[in-house]
There are 6 protein chains.
Amino acid sequence: MMMKNKVLILFFSALLSSTSYASNVNDFCVADLKGPDSLSGYPCLPPTTLTDDNFVFNLQPANTSQFPTIKAGISTAFVNEFPALNGLDISVAHVAFEKDGFFPMHSHPDATELIILVEGEITAGFVTGMNSIAYLKTLKPGDLMVIPPGHLHFVANSGNEKATGFATFSSSNPTIHSFNNIFANNVPSDILAQATFLDIAQVKKLKARFGGSN
Amino acid sequence: MMMKNKVLILFFSALLSSTSYASNVNDFCVADLKGPDSLSGYPCLPPTTLTDDNFVFNLQPANTSQFPTIKAGISTAFVNEFPALNGLDISVAHVAFEKDGFFPMHSHPDATELIILVEGEITAGFVTGMNSIAYLKTLKPGDLMVIPPGHLHFVANSGNEKATGFATFSSSNPTIHSFNNIFANNVPSDILAQATFLDIAQVKKLKARFGGSN
Amino acid sequence: MMMKNKVLILFFSALLSSTSYASNVNDFCVADLKGPDSLSGYPCLPPTTLTDDNFVFNLQPANTSQFPTIKAGISTAFVNEFPALNGLDISVAHVAFEKDGFFPMHSHPDATELIILVEGEITAGFVTGMNSIAYLKTLKPGDLMVIPPGHLHFVANSGNEKATGFATFSSSNPTIHSFNNIFANNVPSDILAQATFLDIAQVKKLKARFGGSN
Amino acid sequence: MMMKNKVLILFFSALLSSTSYASNVNDFCVADLKGPDSLSGYPCLPPTTLTDDNFVFNLQPANTSQFPTIKAGISTAFVNEFPALNGLDISVAHVAFEKDGFFPMHSHPDATELIILVEGEITAGFVTGMNSIAYLKTLKPGDLMVIPPGHLHFVANSGNEKATGFATFSSSNPTIHSFNNIFANNVPSDILAQATFLDIAQVKKLKARFGGSN
Amino acid sequence: MMMKNKVLILFFSALLSSTSYASNVNDFCVADLKGPDSLSGYPCLPPTTLTDDNFVFNLQPANTSQFPTIKAGISTAFVNEFPALNGLDISVAHVAFEKDGFFPMHSHPDATELIILVEGEITAGFVTGMNSIAYLKTLKPGDLMVIPPGHLHFVANSGNEKATGFATFSSSNPTIHSFNNIFANNVPSDILAQATFLDIAQVKKLKARFGGSN
Amino acid sequence: MMMKNKVLILFFSALLSSTSYASNVNDFCVADLKGPDSLSGYPCLPPTTLTDDNFVFNLQPANTSQFPTIKAGISTAFVNEFPALNGLDISVAHVAFEKDGFFPMHSHPDATELIILVEGEITAGFVTGMNSIAYLKTLKPGDLMVIPPGHLHFVANSGNEKATGFATFSSSNPTIHSFNNIFANNVPSDILAQATFLDIAQVKKLKARFGGSN
């Protein structure tokens, strides 16, 4: 009789499963990175192909030898590395800075960033549109700092030791818009100088550094 | 001259139609269930293939012989049955309970549920995260009860007669997460017992009933 | 010893409750109808003042003597009648039509409507922007029809008996924009005649009927 | 050494680019109009195929000889004409009216309209669901008028000269639902007369004008 | 008898009005600028206090003598100037540039910008995060250019005459984040120099110009 | 002359600031916890009152002596502790487990959870609605696991040492719905037993433990 109960309840389960097939797909949607991308992200892998491993990702520690010029490194778990994040509005990176290391001014148009400092000391700041205010703080381990979406910000190791932490984001795929991108293209130097109020010599120097021309 | 007006206005109409082709697709988007699913639902059937019948669905009455163990039945009009609901944020099910019938504890992660009792008497309840409060009411015909998204809830026939009604949802595809699903898999019984504060014998008994192992 | 467990776990519970106070408010937000309204709805009643009764509402049957001219009635459970629906994206009305009763052409700018016919026979239709198509169907008990947001539609009793059913909406407060509102104001008749392609005599006749002037 | 800096920074750039590939697609998504449409719009053209030209569109002036009956014209830059607008929640049309020209009563279910009058004089109005109020104003060059989503509205040249301006929308693809569409189909005239409170002769007259039957 | 019809229909109208009071508020919500601001905008003025004038705003032409340094001017119709836009996801500004006038590099974190050039010639460009690409175009009257949300962009008069046009936005309150804000505060010059790759002398020069210190 | 430039540009800045006042509030909105809560969160503190400190929060390490029964602790930075997170769709908690410590089965209706294991070994699992599948993994330091919104899940220390990590969420205020809440109220034991398929003795035992009655 237990058997009968089991069978009947499972039938109930089966019916709900079949009617709720697409719902589960909407509950989560592990990205099929080969599918066409769209504004709402990638199409979903078929739920029946998923295993435990799809929901776990090993985030390697950031390596400060990755970018010697800025003495910093970043290791990301965004949707392209961890497809289960597709559409779930969250992602994370591990970041590391040697002494004097830093991340230059950049913004994430679509994502809040929440910094978690684990070791060392960093100074981070962001600039707002209102009254040209900059909010700037030196963080110790355990300190968090929040950067609103689309705000230009930077992070610098302000201590004497290595600094490491996590940068978490409110998007599965936070775009990184580096300020120095504006020098890495062929926009004429005089136009850039006008648009940025920089001296033209400064613009040309940075164009040379970041691979721009004109 | 009427004719001329007609032709000219129809030309106007045609232009608007051609420029607004995709708009109409966005106004509604009858699901192509064969298309790849995504976080925003299914792709749309071509508007030109649609007929009156696409917008109507016959919802069969729920049959309480469907699930003898719980003496209840459910008949759903979710997006998989009624593809015109795709993305329109609404769906409905007919539900029926024999005397002593019930729907066990479950939740809908993405959808509000609004219960409409048509006949009989039911008692429904949901549990909130705050202060462990449960809201519990006995409903008579004409009574509505609202269950917030993601809240564990149950419904039981508390009268002496059959009870029937509608469950409406704020999603075209409300997922049904039954509490008893946690016993229908191969998670080791000792881990489940710890995670639920249940006695291990109780866990094993329910694993047997719902087809779980370990 | 049970006592000790209980106390400790409750402490855990208390902590989570205090940290999640506002979360619960966001899970649901029973409207304080006296508060200032905003684009995201009403402010919330304090969670500690809520009881079981807040989540239940008795929907009276619609009475066709309510609007003798159209031989129809409507009984609504929208946010103003049932404040627990605030922000939960769902609401419902009971509707009833005598023989020859109908609801005139109208739209709901922000809400999908899903019609559930319970008894009798109705004919319902909506008009799309694309190619001037109208989708029109006669419904029998158990039939559902979906009206996309913002589409002009009407419902008429097309049988020989009373017809009743439910209209469910994907908004807690679906606006009703009746086509005849365009005659119930002081916009000059000649302007209205031009804008609608109606004869001016027809415009004046309807202005008289619906309380408009000019 | 500059060279070394440049190479290293570019490597950093390259890494960020590869990890943020899909992010950029989400930042903007130029429509592939051949792709299947969905509720969230078209799939994206591959970012590597985009050029400067994708982000610019020449909006031709509206021509009032386009629709002689209403002495008006419209030239649109919606997603089908300007695919870069896909999902960016904005679009624009140029509109022109000869003396006595007008746009008949219509609505945009999914979009706010913001009218910018550039030359001439127009009178525009919209009707709300609440208390049958119509808001009606005569505009001079430089005046703006806002029409909430889904509200029936019209625009008429109320001056003695040509009038031109822009209609901007909060959607990349604002649907145009013309009131006269309700006469351009085969819904029986008696049903339409009942649903609109119009005289049946008026309905038949408009059916003849707009190509409807029955 | 007409009278009777009128009375009855108006009663129907009154009922719908009372039940849909809050709906209309949600259809549109003219900002009460004195109310507390929130993430979803301002609270609404009471609908009964609204008149035709609330929905119309006179946008003055931009005056290039407004900012002599950049030989440009801007006249805005954002929510603070035109409160009816509150929450309707659209706004507009008139912009004007003398010969050699320009708007310096800036971004709008929450809004797409769609530029409509009316007279003269401008060159506009934006920089993307991916592969450091800049999209740059010279526009003639009638040309549109779209700037995705959060992307750094600039506009310069590249012709020999005055240039004027409209900038429309997908937000009722598009924030303007000027790149030069990063020099208008007290962030130490050496930190800024590091974060931007600029020479420290350049940083100090711009700090002096834009009112920053340190 | 530089001075003149400075003054003029600052005037430009001031104008933009005044027109964009509310925009900045929308860019971020530090919660006024005393204000009325709403579905879109708390009202904003006046921007002019904000300092650097508003954007930083010190997250204390979790202390496993906090909940001796489950040998675990949690330290949260949700909106009530860190008001700058208001509406920014992100938050974080530090979690710690002694040997044999665990967090019992619970869900977060509105938030994705992304677990970052820093030290030790944990086993975490979640149950889906589809086919009763449970996804279960043992994590090592550096491993991430993602839990979709609204899914019942648990975490247990499965190693021989203390385990610590971060739980990040896609909401500024993730609600914690513990499964054991269903025993901490006055719902009659027989109703609960029916709704959960548990033996009534088991229900009564857990009611006693978690403070429920009936």
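Numbers restart at 1 for each chain; the letters A, B, ... are given by sequence-line order, proteins then strands.
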(request) Hey, could you give me the CG/CD distance between N157(A) and Q194(E), rounded to the nearest 0.5 Å? (result) 9.0 Å
(request) Under 4.5 Å heavy-atom distance to chain E, tell me which part of L136(A) shows up: side chain, backbone, both or neither. (result) side chain
(request) Report the option among G150(E), A195(E), A134(E) that has the most heavy-atom pairs separated by less than 4.5 Å from atoms of chain A. (result) A195(E)
(request) Measure I182(A) against the heavy atoms of chain E and call it side chain, backbone, both or neither at under 4.5 Å. (result) both
(message) Determine whether F183(E) and F197(A) satisfy the following criterion, ring pair (Phe, Tyr, Trp, His ring centres under 6.0 Å), listing intermediate values before the conclusion.
(response) CA-CA 11 Å; F183(E) 303 110; F197(A) 297 106; 9.2 Å; no
(request) Locate the shortest heavy-atom distance separating N181(A) from T128(E); write the atom from each residue and the value. (result) ND2-O, 3.4 Å
(message) Ignoring hydrogens, what is the shortest heavy-atom contact between P149(E) and P109(A)? Give both atom names and the distance.
(response) O-CB, 3.8 Å
(message) Heavy atom to heavy atom, less than 4.5 Å: which residues from residues 90-102 of chain E reach chain A?
(response) D100(E), F102(E)
(message) Heavy-atom pairs under 4.5 Å with chain A - which of L152(E), L206(E), L198(E) has more of them than the others?
(response) L198(E)
(message) Rounded at 0.5 Å granularity, tell me how far CZ in F179(E) sits from CE in M105(A).
(response) 7.5 Å
Side-chain donor-acceptor pairs under 3.5 Å in residues 118-125 of chain A, sequence neighbours left out?
| residue | atom | partner | partner atom | Å |
| --- | --- | --- | --- | --- |
| E119(A) | OE2 | T164(A) | OG1 | 2.9 |
| E121(A) | OE1 | K140(A) | NZ | 3.0 |
| E121(A) | OE2 | S158(A) | OG | 2.8 |
| T123(A) | OG1 | T138(A) | OG1 | 2.9 |
| T123(A) | OG1 | S158(A) | OG | 2.8 |

(request) Return the set of residues passing salt bridge (charged side-chain N to carboxylate O under 4.0 Å, His left out) with D199(A) (not counting sequence neighbours), or none when no residue passes. (result) K205(E)
(request) Using the test side chain to side chain contact (heavy atoms under 4.5 Å, CB included), find all partners of D89(A) that sit at least two apart in sequence or belong to another chain. (result) S170(F)
(request) Name the option with the most non-hydrogen atom pairs under 4.5 Å to chain A; the candidates are L192(E), N186(E), V155(E), N185(E). (result) N185(E)
(message) Show, in sequence, the C-alpha distance, side-chain angles and deciding distance for I191(E) and F154(A), and conclude whether the side chain to side chain contact (heavy atoms under 4.5 Å, CB included) test is met.
(response) CA-CA 9 Å; I191(E) 290 183; F154(A) 67 92; 3.3 Å; yes
